[in-house]
There are 4 protein chains.
Amino acid sequence: MARTAEPGRRDAILDAAHTVFARKGYTAASIADLAGELGIGHGTVYRYFGNKRDVASAVLDRALARIAEVVAAELPDATGTLAEYRAQVWRIGHRLYELFAADPALGRLVFFDLATVDDDLRGRHREALDRFADFTAAYLRNGVDRGFLRPDLDVEVTARVVNGMVFEGAAQVARDPAALELRDAWIRAVVTLMFDGLAAPTP
Amino acid sequence: MARTAEPGRRDAILDAAHTVFARKGYTAASIADLAGELGIGHGTVYRYFGNKRDVASAVLDRALARIAEVVAAELPDATGTLAEYRAQVWRIGHRLYELFAADPALGRLVFFDLATVDDDLRGRHREALDRFADFTAAYLRNGVDRGFLRPDLDVEVTARVVNGMVFEGAAQVARDPAALELRDAWIRAVVTLMFDGLAAPTP
Amino acid sequence: MARTAEPGRRDAILDAAHTVFARKGYTAASIADLAGELGIGHGTVYRYFGNKRDVASAVLDRALARIAEVVAAELPDATGTLAEYRAQVWRIGHRLYELFAADPALGRLVFFDLATVDDDLRGRHREALDRFADFTAAYLRNGVDRGFLRPDLDVEVTARVVNGMVFEGAAQVARDPAALELRDAWIRAVVTLMFDGLAAPTP
Amino acid sequence: MARTAEPGRRDAILDAAHTVFARKGYTAASIADLAGELGIGHGTVYRYFGNKRDVASAVLDRALARIAEVVAAELPDATGTLAEYRAQVWRIGHRLYELFAADPALGRLVFFDLATVDDDLRGRHREALDRFADFTAAYLRNGVDRGFLRPDLDVEVTARVVNGMVFEGAAQVARDPAALELRDAWIRAVVTLMFDGLAAPTP
DNA sequence: AATGAATGAGATTTCATTCAT
DNA sequence: AATGAATGAAATCTCATTCAT
């Protein structure tokens, strides 16, 4: 039998790539940087991935999957009232922010760097955002069906608008880790805007 | 009196850079691509810019300035009622979307590519977003002061949240030009969310 | 008693190398290709050969030996008349062509690829051709001695010239397997040239 | 105007490539070797050739053209008698040998190295040999038509056989420059074989 | 002022070779 | 004995930058 293969080697490389791509950007990061981060020979990377783009592809997939996991943790049709839905948005917002707080590189990778590597990755990125929009749309549609959201809501577009608000928080953090402090304020602002609106309450 | 030979030359280079960077991405675009787009020798670029990064820097500045122009076209304290503010948001949204529709490259440059060139550009990008947030915050604060926006609004954060919604539209278009069709629906969704909220009207 | 584990293994590797070197060329063929052809681990090759060059060396030796076998099958002094010698050349020619027909890779290896690996192999190749020339020279010298070949023949050089004709047939096949069809025509042309000459018979 | 282009730069690179490829073999020779031979930066090579293979292609073309020049210098139908043809073969043989003597690398490149770079070059090489065979065939056909060569000659195949003899001389030199001494003996042996045959003259 | 020939740093990728298992 | 994971030397190629003209 050969020298035993390091079992988590492939994942370790992806972890290192995640870090290094986020730190230097995809193009500026070299395979040697990757390998150096791990303390392995750079040729080793090529035992697990055909080329640099394939590494990026796998990193993006993992990153998107991690986000999808959070988004999909709740059921779209689990809420029957506005108050329940509001609570649900709180929970999802919290978890997402937690995710981006725990791994600030995630936002940088997903919302800036890896989405522009090539047409294929651009496509996969767009598809993922579409899927996230579909999730949000399902929540909204449930609310409209049950009567606690306004019937004239443009469900598809509003879903994207809402996601824009939410992911902008992640982008903030990606741009400036100091934005992490905004976590609670951000979620509160989003929820307030969505459910209470901007207008002053009429007495 | 102009120091450089041809005063229009520098701008022409920036125009070409804007186009080429948006088409191929900053790193993939070469100085030769840039000069080729203009039909000038690539050595000439170095008479107007110290290096490639400086070109990117100037392109980003111009792009941000173009956005700032639109945002700053309205006066934050020009509105005294909710209806007026609503109309103002409509106008600003329309003009921004018009800008990104007229030049879809703009979004790609500002929201993806040039912001990740290096720390300095990253910083300038962040500052610009901060400035835009300040603008929006000024509008919101005016509304709170005049009493037509809710007094407990977290003005700073909400400004960023609102900008997130708006700029997400631009990012959509940058990712997929087909999203241009969403223009009116997008603005309507943003305005509805801000002013009418998600909740079904109580009878 | 064999020192190596499996006595046939070494030969199997040489067979595979023969095939793969002929297919892809020495430099383009990797040790992994070689092992893959056999279905063994590529590390195993190094249990039987010190390095890639040693494999080439052994392949070349075997190939040259295979040719030598054919050339040496006849006895140089077995013929006493021109007609007998002519028949002998026919036989040798046929057998050589049969060899190159049965294994078209042989020509590619001997006449192109392996002879240029390094100075040592280049030398061994030259030596082998010298030995083949010596064989042919022995046939010619026998003919001169017995009086049925012209006495003023430059035996050494003519031997090389004759071999040139013969091996050129092999090189043809190595360059283009379709040349195999020429087999009989080729041998007839060589024999005619050698024994009948180009000139029209005088009446 | 730019720094004036070295006028013979492209040719100088081909000369250096000719030398270096012949010395180390195509694959073992690096672009850096090439550039080093000339004392220029290796990047400069890429201003004149798209890649290494293109350099090889141009070197092969030049080498084949140089041989073709010699072969085509005589007219196939210029001879009316066996004696004239014999003299012509002498002349062509001499010139070819002169060529290979003046540039021993030529044989190595044409008959060994560059012909195996890839399928395209292999094809071009084969075509060139075919063209050379066509030349020789034209000479032979002329002789047959005029009646001084035997009417039953297989013109096509004999042309290749004859070329085999001739080019084998070049290959000799390519393998071992010492073979240059054989020049006159070689030509005499070829001519004798072609026109006098091997057989002892009958009294 | 404008040019583009020249350069070499640096990136990706391949693969012969080693060696722990 | 056999394996194949790991390695890094070395090769090809790109391109930002310089600078003679």
Side-chain angles (χ1 to χ4, degrees), chain A residues 1-7 9-10 27-35 38-55, chain B residues 2-6 9 27-36 38-55, chain C residues 2-6 9 27-36 38-55, chain D residues 1-7 9-10 27-35 38-55:
Chain A
M1 208 155 309
R3 199 186 296 202
T4 309
E6 202 70 42
R9 202 25 87 86
R10 206 189 119 97
T27 345
S30 72
I31 292 289
D33 289 334
L34 267 193
L38 263 177
I40 64 174
H42 65 272
T44 304
V45 174
Y46 286 90
R47 291 195 56 75
Y48 294 89
F49 299 93
N51 52 44
K52 191 183 172 187
R53 202 212 73 103
D54 285 355
V55 180
Chain B
R3 223 181 354 214
T4 45
E6 249 190 82
R9 191 45 73 94
T27 347
S30 70
I31 291 287
D33 288 333
L34 223 156
L38 261 179
I40 63 174
H42 61 271
T44 306
V45 174
Y46 286 88
R47 300 205 62 78
Y48 295 90
F49 299 93
N51 53 40
K52 191 183 173 187
R53 202 211 70 103
D54 286 354
V55 180
Chain C
R3 224 179 355 208
T4 44
E6 248 190 81
R9 190 44 74 92
T27 345
S30 71
I31 291 288
D33 287 333
L34 223 156
L38 261 178
I40 64 173
H42 60 270
T44 306
V45 174
Y46 287 88
R47 299 206 63 80
Y48 295 90
F49 299 92
N51 52 42
K52 191 183 173 186
R53 202 212 70 104
D54 286 354
V55 180
Chain D
M1 209 153 310
R3 198 186 298 201
T4 308
E6 201 70 43
R9 206 20 93 85
R10 205 189 119 99
T27 345
S30 72
I31 292 289
D33 289 334
L34 266 192
L38 265 177
I40 64 174
H42 66 272
T44 305
V45 174
Y46 287 92
R47 290 194 57 74
Y48 294 90
F49 299 93
N51 52 44
K52 190 183 172 186
R53 203 212 72 103
D54 285 354
V55 180

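Small disclaimer: the values here were computed from a predicted structure and weren't measured. Residue numbering restarts at 1 for every chain, and letters A, B, ... go by the order of the sequence lines.
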Note to self: Using every non-hydrogen atom in the two residues, find where C:H42 and C:A35 come nearest and quote the distance to one decimal.
What the structure shows: CA-CB, 3.4 Å
Note to self: Quick check on E:dA5: is either OP1 or OP2 less than 4.0 Å from any side-chain nitrogen or oxygen of D:Y46?
What the structure shows: no
Notebook entry, point to check: So how far is it from C:L34 CG to C:I31 CD1, rounded to the nearest 0.5 Å?
Noted result: 5.5 Å
Margin query: I need the CG-P distance between D:L38 and E:dA6, as an integer number of Å.
Written below: 11 Å
Notebook entry, point to check: Does OP1 or OP2 of E:dC15 have a side-chain N or O of A:R47 closer than 4.0 Å?
Noted result: no
Notebook entry, point to check: Taking all atoms of both residues into account, what is the closest heavy-atom pair of A:N51 and A:Y46, and its distance?
Noted result: CA-CE2, 3.9 Å
Margin query: Between A:S30 and B:V45, which residue's closest nucleotide on DNA chain E lies nearer the 5′ terminus?
Written below: B:V45
Checklist line | Test side chain to side chain contact (heavy atoms under 4.5 Å, CB included) applied to C:T44 - qualifying residues, sequence neighbours left out | finding: C:R9, C:I40, C:Y48
Next item on the list: Nearest whole angstrom, please: distance from the P of F:dG4 to the CZ of A:R9.
Entry: 17 Å
Note to self: Return whichever of D:D33 or A:G39 has its heavy-atom-nearest nucleotide of DNA chain F closer to the 5' end.
What the structure shows: A:G39
Next item on the list: Let me know, please, whether A:K52 or C:K52 comes out on the 5' side of the other along DNA chain E by nearest nucleotide.
Entry: A:K52
Notebook entry, point to check: Can you tell me how far P of E:dG8 sits from CD1 of D:I31, to the nearest Å?
Noted result: 15 Å
Check: Given Watson-Crick or G-U pairs with both distances under 3.5 Å, what dot-bracket string fits DNA chain E, with | for other-strand pairs and [ ] for crossing?
Finding: .||||||||||||||||||||
Checklist line | Residues forming a side-chain hydrogen bond (donor to acceptor under 3.5 Å, both in side chains) with C:R53, sequence neighbours excluded | finding: C:D118, C:D120
Checklist line | Atom pair distance, as rounded to whole Å: CZ in D:R10 and P in E:dA5 | finding: 14 Å
Next item on the list: Determine the contact category for D:A28: base if any of its heavy atoms lies under 4.0 Å from a base atom, sugar-phosphate if only primed atoms, P, OP1 or OP2 are that close, otherwise nothing.
Entry: nothing
Checklist line | Between P of E:dT12 and OH of A:Y48, the distance in whole Å | finding: 20 Å
Check: C:D33 and C:A28: which non-hydrogen atoms are nearest, and at how many Å?
Finding: OD2-O, 4.0 Å
Every protein N/O lying under 3.5 Å from an N/O of nucleotides 8-10 of chain F:
residue : atom : partner : partner atom : Å
F:dA9   : N6   : A:H42   : NE2          : 3.1

Checklist line | Between E:dA11 (C1') and A:R53 (CZ): distance, integer Å | finding: 18 Å
Notebook entry, point to check: C:L34 has an atom CG; how far is it from atom P of E:dT17, in whole Å?
Noted result: 12 Å
Item checked: Sugar-phosphate, base or nothing in reach of C:A29, heavy atoms under 4.0 Å -> sugar-phosphate
